[in-house]
Protein chains: 2
Amino acid sequence: MITFDAFKPTEGTPIYQQILLYIKRGAIAGTIRNGDELPSRRVLSALLGINPNTVQKAFKMLEDEALIESQAGAKSTMTLDGEKIAKLREEVLREDIRSIATALRQMGISREEAIRLLSENWEETES
Amino acid sequence: MITFDAFKPTEGTPIYQQILLYIKRGAIAGTIRNGDELPSRRVLSALLGINPNTVQKAFKMLEDEALIESQAGAKSTMTLDGEKIAKLREEVLREDIRSIATALRQMGISREEAIRLLSENWEETES
DNA sequence: GCAACTGTACTAGTCGTATAATACAGTCAA
DNA sequence: TTGACTGTATTATACGACTAGTACAGTTGC
């Protein structure tokens, strides 16, 4: 069963997108594996304190991307393979790196300073 | 006069927030300085192809944060000093670093791998 | 079989983002 | 002074995100 203990929603971005990213990043990290069960829509929405329809929207998009399988009455399960995970890495990880590099350059940060900042602030972040 | 040549709006985040960030990052980089004139609401909205009210909202928030001064009939100007810029660095730069570190850790990326990825993708980004 | 779960679908309402159109007052150069 | 710019304010409209409530059908364990 996939847990959402580490899920910390942020203000400003749609919750369903954050759920999507949470699952994708877990798949990239390997903490979420093929066949893993997801909590039901109702349970997860109660757990996160949001509307069931918001969870449903996120799960629907995961299914459209063929990352989960759902059928009425049973819990949804992850459907992952090496190819899909590689695609996720390219999609999520690459985009994250690209956007932070652009932002830092806009602030006049040099590559060396960027590396120093990232390295120094690595410990302080809570996973 | 502050230019918006390097302003590339992204989908998914409100435009007025992106304008805010663009100005703040410019101030942090030092490319935007105290006393610099901003384009008028109407001119900038036409330049960016967006509604004047959207620009007005961004400028209103900049004024609420005391980063610009406005008076009817005259162009708005930046009001920066060392303290404000230091505060912006803490607010924008720190948050950017913190969020990317969290995201990368969620994907199971090690500190060394993160540094390698950032370094490798530094060149490819266009400022 | 039955109860309690599961996924799925639909309508209605609120709120924030953004657009559109308009109006009024202050500044400034010709 | 006059006209073209400036900032500021208002109202109306559209759309997406999110909430709220309800309904129905399939699965599972007892």
Side-chain angles (χ1 to χ4, degrees), chain A residues 1-4 7-24 32 34-80, chain B residues 1-4 7-24 32 34-80:
Chain A
M1 174 71 79
I2 298 171
T3 71
F4 277 75
F7 184 78
K8 312 274 186 203
T10 314
E11 280 187 12
T13 43
I15 301 180
Y16 74 91
Q17 282 185 11
Q18 296 186 50
I19 295 175
L20 230 73
L21 265 184
Y22 181 81
I23 299 291
K24 288 182 177 180
I32 293 177
N34 185 47
D36 282 356
E37 275 188 350
L38 287 149
S40 81
R41 274 74 162 165
R42 288 174 180 82
V43 166
L44 182 55
S45 65
L47 189 67
L48 301 182
I50 61 177
N51 195 277
N53 293 334
T54 304
V55 177
Q56 164 62 8
K57 181 164 189 177
F59 281 26
K60 178 69 165 55
M61 295 180 78
L62 283 171
E63 192 167 18
D64 289 344
E65 292 190 53
L67 296 175
I68 69 173
E69 271 181 358
S70 306
Q71 58 177 351
K75 291 217 186 70
S76 299
T77 56
M78 301 296 305
T79 55
L80 295 171
Chain B
M1 174 72 79
I2 298 171
T3 71
F4 278 74
F7 183 78
K8 312 275 185 203
T10 314
E11 279 186 12
T13 43
I15 302 179
Y16 75 90
Q17 282 186 12
Q18 296 186 50
I19 295 176
L20 231 71
L21 265 184
Y22 181 81
I23 298 292
K24 288 181 177 180
I32 293 178
N34 185 47
D36 280 358
E37 275 188 350
L38 287 149
S40 81
R41 274 74 163 165
R42 289 173 179 81
V43 166
L44 182 54
S45 66
L47 189 67
L48 300 181
I50 62 177
N51 195 277
N53 294 335
T54 303
V55 177
Q56 165 61 8
K57 180 164 190 176
F59 280 26
K60 177 71 166 55
M61 296 181 77
L62 284 171
E63 192 169 19
D64 288 344
E65 291 190 54
L67 296 175
I68 69 172
E69 270 180 359
S70 305
Q71 59 177 350
K75 291 215 185 69
S76 298
T77 57
M78 301 297 303
T79 55
L80 296 171

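Residue numbers begin at 1 in each chain, while the letters A, B, ... track the order of the sequences.
Considering only residues two or more places apart in sequence or on other chains, A:Phe4 meets the ring pair (Phe, Tyr, Trp, His ring centres under 6.0 Å) condition with A:Phe7, A:Tyr22.
No side-chain heavy atom of B:Leu21 sits under 4.5 Å from any side-chain heavy atom of B:Gln17. At a threshold of 4.5 Å between non-hydrogen side-chain atoms, the residues A:Ile19 and A:Met61 do not count as touching.
Crowding of A:Glu63 atom CD: a count of heavy atoms from other residues, nucleotides or ligands under 6.0 Å exceeding 12.
One interatomic measurement links the two molecules: CG of B:Asn51 to P of C:dG16, which rounds to 19 Å at whole-angstrom precision. Between A:Ile68 atom CD1 and C:dT6 atom P there is a gap of 14 Å when expressed in whole angstrom units.
Of all the heavy atoms in B:Ser40 and B:Val43, the pair that sits closest is OG-N, 3.1 Å.
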If a protein heavy atom is under 4.0 Å from the base, mark B; if only from the sugar-phosphate, S; if neither, -; do that for nucleotides 3-17 of chain D going 5' to 3'.
---BBB-B------S
